[in-house]
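Everything quoted here is computed from the prediction, not taken from an experiment.
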Amino acid sequence: MFEPILLKNVDVRDGHLLSTFEAGGGYQALAKVLCENTPDEVIDLVKRSNLRGRGGAGFPTGMKWGFVPKRTGKPTYLCCNADEGEPGTFKDRIIMERDPHQLIEGLAVSAYAIGAETAYVYIRGEYVTAIRRLEQAIAEAQAKGYLGKRILGSDFNFTIHIHCGAGAYICGEETAMLESLEGKRAQPRLKPPFPAVAGLYASPTVINNVETLACVPHIVTRGSDWFRGIGPDKSPGPKLYCLSGQVRKPGLYELPMGIPLRELVENHAGGVLPGRKIKAVIPGGVSAPVIPEHGLEVGMDFDSLAAAGSMLGSAGVIVIDDSTCMVKVATRIIEFFHHESCGKCTPCREGLNWVVKVLRRVEAGEGAAGDLEQLEMLCKGIFGNTFCALGDGAAMGLRAALAHFRAEFVAHIEEHRCPFH
């Protein structure tokens with residue numbers, strides 16, 4: 001029987017308070033590493049756990065920490081990416097609102113491991129409750145000696161600052177987030193150099209997602225073997241799945257990594273509404289290519305979804321039933337990406353503009369012969385030719401919709417109308 005780890009306090013009365021967190025064993029991981037472990041030992045522990053980043057890319061966390069150079073003469077920074085702008089995603093918000101000390105302890109342990117004394121939580125400004133809860137939790141932790149100077153009597157000093165973003169999707173990309181933190185326009189940087197070497201203020205920087213950081217204290221207290229024992233070998237651990245769309249029981253679910261997508265949607269979320277059938281599922285936020293109903297046996301982990309032509313991304317699972325027009329879905333998704341493009345790259349800026357124009361024409365029943373071929377050509381020009389993954393996500397999503405539901409696009413063009421109206 002799987003035991004919830006990351007969400008154990010979310011339904012507890014006053015779960016956001018320090019007293020509740022301490023009663024459940026909170027800050028024991030921080031005390032343990034400060035008394036018993038060197039920073040390198042903590043990094044090694046996280047490497048052995050095979051924790052992979054929960055922000056979308058799935059990069060091994062311990063390996064990322066290990067890239068940080070030592071004795072550079074510059075400060076090392078830790079940044080928490082709490083922007084969470086991916087449509088269909090709300091996992092990080094729940095942690096920050098209902099169990100913020102879990103994140104704070106994760107930040108403190110991670111900062112100790114990489115040698116950072118300063119952390120920034122980059123959070124979208126719309127998350128008003130989460131911001132207030134984090135501010136309250138930071139004040140509680142400072143008053144109790146879990147933050148500040150000589151934490152718990154050690155030589156470790158650590159402070160956390162909250163930076164509120166203005167709701168730009170591009171700030172979910174780590175280098176664009178760093179630009180925004182520095183007061184510049186949020187646009188991706190050319191890599192290399194990578195943030196681990198030259199990140200915030202050209203100093204060594206580690207950027208981790210909220211859910212990733214929340215996993216760290218549990219790895220410290222329970223061990224790397226425990227973490228690796230949950231889910232598949234290459235993508236282990238507990239995972240937060242956001243269920244939304246045309247499903248009976250939308251919400252946030254904590255289950256093992258690798259659970260079959262069909263089991264997640266039909267068993268845990270109750271399936272679609274009576275009289276309807278599942279048409280498709282977007283498994284990882286709208287940047288993840290759609291998976292048709294016949295492919296739902298795929299495991300919800302990085303490698304299985306990649307092999308199936310999609311990706312885990314932010315695990316924002318959006319369920320689509322058979323009453324929905326896939327041309328409309330594709331158009332709305334591309335409109336979102338076009339609106340959120342930072343405009344730095346010509347293929348993304350101009351390519352998505354043309355994709356939106358063609359899709360709107362097709363959706364309105366005004367499509368013409370050759371439109372689908374033009375869309376495929378535009379996707380080819382965008383994919384792999386941009387600074388960041390925004391353009392890639394848009395192109396991959398549209399390619400998947402065209403591949404799996406081409407008949408609906410053809411029907412719009414040939415019948416000059418939407419067959420679902």
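Centroid-to-centroid, the aromatic rings of H163 and Y120 stay 6.0 Å apart or farther. Between Y253 and Y241, the distance from one ring center to the other does not fall under 6.0 angstrom. In summary, the aromatic rings of Y27 and H101 are positioned with their centroids under 6.0 Å apart. Ring-centre distance between Y146 and F158: not below the 6.0 Å cut-off. Between F194 and F67, the distance separating the two ring centers is not shorter than 6.0 angstrom.
In summary, D225 and R228 engage in a salt bridge, as defined by a charged side-chain N under 4.0 Å from a carboxylate O. Using a cut-off of 4.0 Å between Lys/Arg side-chain N and Asp/Glu carboxylate O, E3 and R222 are scored as salt-bridged. Ion pairing of E335 with R360 is present here, as a side-chain N (NZ or NE/NH1/NH2) and a carboxylate O approach within less than 4.0 Å. The pair R124-D83 meets the salt-bridge criterion, since a charged nitrogen lies less than 4.0 angstrom from a carboxylate oxygen. Ion pair K279/E408 flagged as a salt bridge, since at least one NZ, NE, NH1 or NH2 atom sits closer than 4.0 Å to an Asp/Glu carboxylate oxygen. Salt-bridge annotation for K234 and D301: absent, with no side-chain N of the basic residue lying under 4.0 Å from a carboxylate O of the acidic one. Ion pairing of K191 with E174 is present here, as a side-chain N (NZ or NE/NH1/NH2) and a carboxylate O approach within less than 4.0 Å. Note on E350 versus K357: no salt bridge recorded, every NZ/NE/NH1/NH2 to OD/OE distance being 4.0 Å or above. The pair R361-D371 counts as a salt bridge, with a side-chain nitrogen and a carboxylate oxygen less than 4.0 angstrom apart. Taking the charged nitrogens against the carboxylate oxygens, K91 and E86 have no contact shorter than 4.0 Å, which rules out a salt bridge. A salt bridge is absent between R98 and D14: the closest approach of a Lys/Arg side-chain nitrogen to an acidic carboxylate oxygen does not fall below 4.0 angstrom. Looking at D392 and R399, no side-chain N of the basic residue comes within less than 4.0 Å of a carboxylate O on the acidic one, giving no salt bridge.
Within 6.0 Å of CZ on R132 lie no more than 12 heavy atoms contributed by other residues, nucleotides or ligands. Counted within 6.0 Å of CG on D322, heavy atoms from surrounding residues, nucleotides or ligands total more than 12; the atom is thus considered enclosed. In the displayed structure, W354 atom CH2 is contacted under 6.0 Å by at most 12 heavy atoms of other residues, nucleotides or ligands.
Annotation: side chain of P232 is in contact with side chain of M257 (closest heavy-atom distance under 4.5 Å). The closest side-chain heavy-atom distance from L378 to L398 is not below 4.5 Å. A heavy-atom distance below 4.5 Å is not found between the side chains of F336 and R332. Within the 4.5 Å cutoff, side-chain heavy atoms of L45 are placed close to those of V220. Between Q187 and E179 there is no side-chain heavy-atom pair separated by less than 4.5 Å. Using a 4.5 Å heavy-atom threshold, the side chains of F337 and S287 count as touching. Counting heavy atoms from C-beta on, the side chains of T118 and P75 never come closer than 4.5 Å. Looking at S244 and V317, their side chains never come closer than 4.5 Å, going by heavy atoms from C-beta outward.
Judged purely by atom type and a 3.5 angstrom limit, R54 uses its side chain to pair as donor or acceptor with the backbone of R52. For the pair E340 (side chain) and I170 (backbone), a donor-acceptor distance under 3.5 Å is absent. Remark: the backbone N or O of E363 is not paired with any side-chain donor or acceptor of R417 at under 3.5 angstrom. A donor-acceptor contact shorter than 3.5 Å is absent between the side chain of E211 and the backbone of G55. No side-chain donor-acceptor contact under 3.5 Å links K328 to the backbone of F420. Side-chain atoms of N37 do not come within 3.5 Å of backbone N or O of V42 as any donor-acceptor pair. A donor-acceptor contact shorter than 3.5 Å links the side chain of K74 to the backbone of A202. Side chain of N50 to main chain of D233: a donor-acceptor pair is present (N/O by atom type, distance under 3.5 Å, no hydrogens or angles). Without hydrogens or angle criteria, T331 side chain to V327 main chain gives a donor-acceptor distance under 3.5 Å. Panel note: side chain T221, backbone P217; a donor-acceptor pair is recorded below 3.5 Å.
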*Please report the C-alpha distance between Q246 and R276 in whole Å, then the side-chain angles of each, then the deciding distance to 0.1 Å, and finally whether the side chain to side chain contact (heavy atoms under 4.5 Å, CB included) criterion is met.*
CA-CA 9 Å; Q246 293 157 317; R276 293 297 176 190; over 6 Å; no

*Show the numbers, then the answer: is there a side chain to side chain contact (heavy atoms under 4.5 Å, CB included) between Q102 and I95?*
CA-CA 8 Å; Q102 186 176 203; I95 291 176; 4.2 Å; yes

*Given side chain to side chain contact (heavy atoms under 4.5 Å, CB included), test I123 with M96 step by step and report yes or no.*
CA-CA 10 Å; I123 182 171; M96 292 184 288; 3.7 Å; yes

*Using the salt bridge (Lys or Arg N to Asp or Glu O under 4.0 Å) rule, take E297 and R262 through it: C-alpha gap first, then chi angles, then the decisive distance, then the call.*
CA-CA 6 Å; E297 307 306 328; R262 187 180 298 279; 2.4 Å; yes

*Walk me through it: do R189 and F387 pass the test side chain to side chain contact (heavy atoms under 4.5 Å, CB included)?*
CA-CA 7 Å; R189 297 175 180 175; F387 269 81; over 6 Å; no

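Residues S341 and R349 have side chains that never bring a donor and an acceptor to within less than 3.5 angstrom of each other. Between the side chains of S49 and S224, no donor-acceptor pair of N or O atoms lies under 3.5 Å. E173 and T175 share a donor-acceptor pair across their side chains, judged by distance under 3.5 Å alone. Donor-acceptor pairing under 3.5 Å is lacking for the side chains of T38 and D40. Checked by atom type, the side-chain pair N209/D92 shows a donor-acceptor distance below 3.5 Å.
What you find for R248 and P274 is that their closest heavy atoms are NH2-CG, 3.8 Å. Y169 and G85 make their closest contact through CD1-O, 3.3 Å (heavy atoms, listed as atom of the first residue, atom of the second, distance). Annotation for C171 and S180: closest pair SG-CB, 4.1 Å, computed over non-hydrogen atoms. Shortest non-hydrogen contact noted between C79 and T205 is SG-CG2, 3.9 Å. Nearest approach of L305 to G299, heavy atoms of both residues: CG-O, 3.6 Å. Nearest heavy-atom pair, L352 versus A394, reported as atom, atom and distance to 0.1 Å: CD2-CB, 3.7 Å.
Rounded to the nearest 0.5 angstrom, L17 CG and N9 CG are separated by 10.5 Å. Atom-to-atom distance recorded for F405:CZ and I320:CD1 is 7.0 Å, nearest 0.5 angstrom. Between atom CG of residue L240 and atom OG of residue S314 there is a gap of 11.0 Å, rounded to the nearest 0.5 Å. In this structure, L107 CG and L213 CG are separated by 5.0 Å, a value rounded to the nearest 0.5 Å. Between the CZ atom of F90 and the SG atom of C242 there is a distance of 4.5 Å, given to the nearest 0.5 Å. For the atom pair CD1 of I230 and OG of S235, the computed distance is 13.5 Å after rounding to the nearest 0.5 Å.
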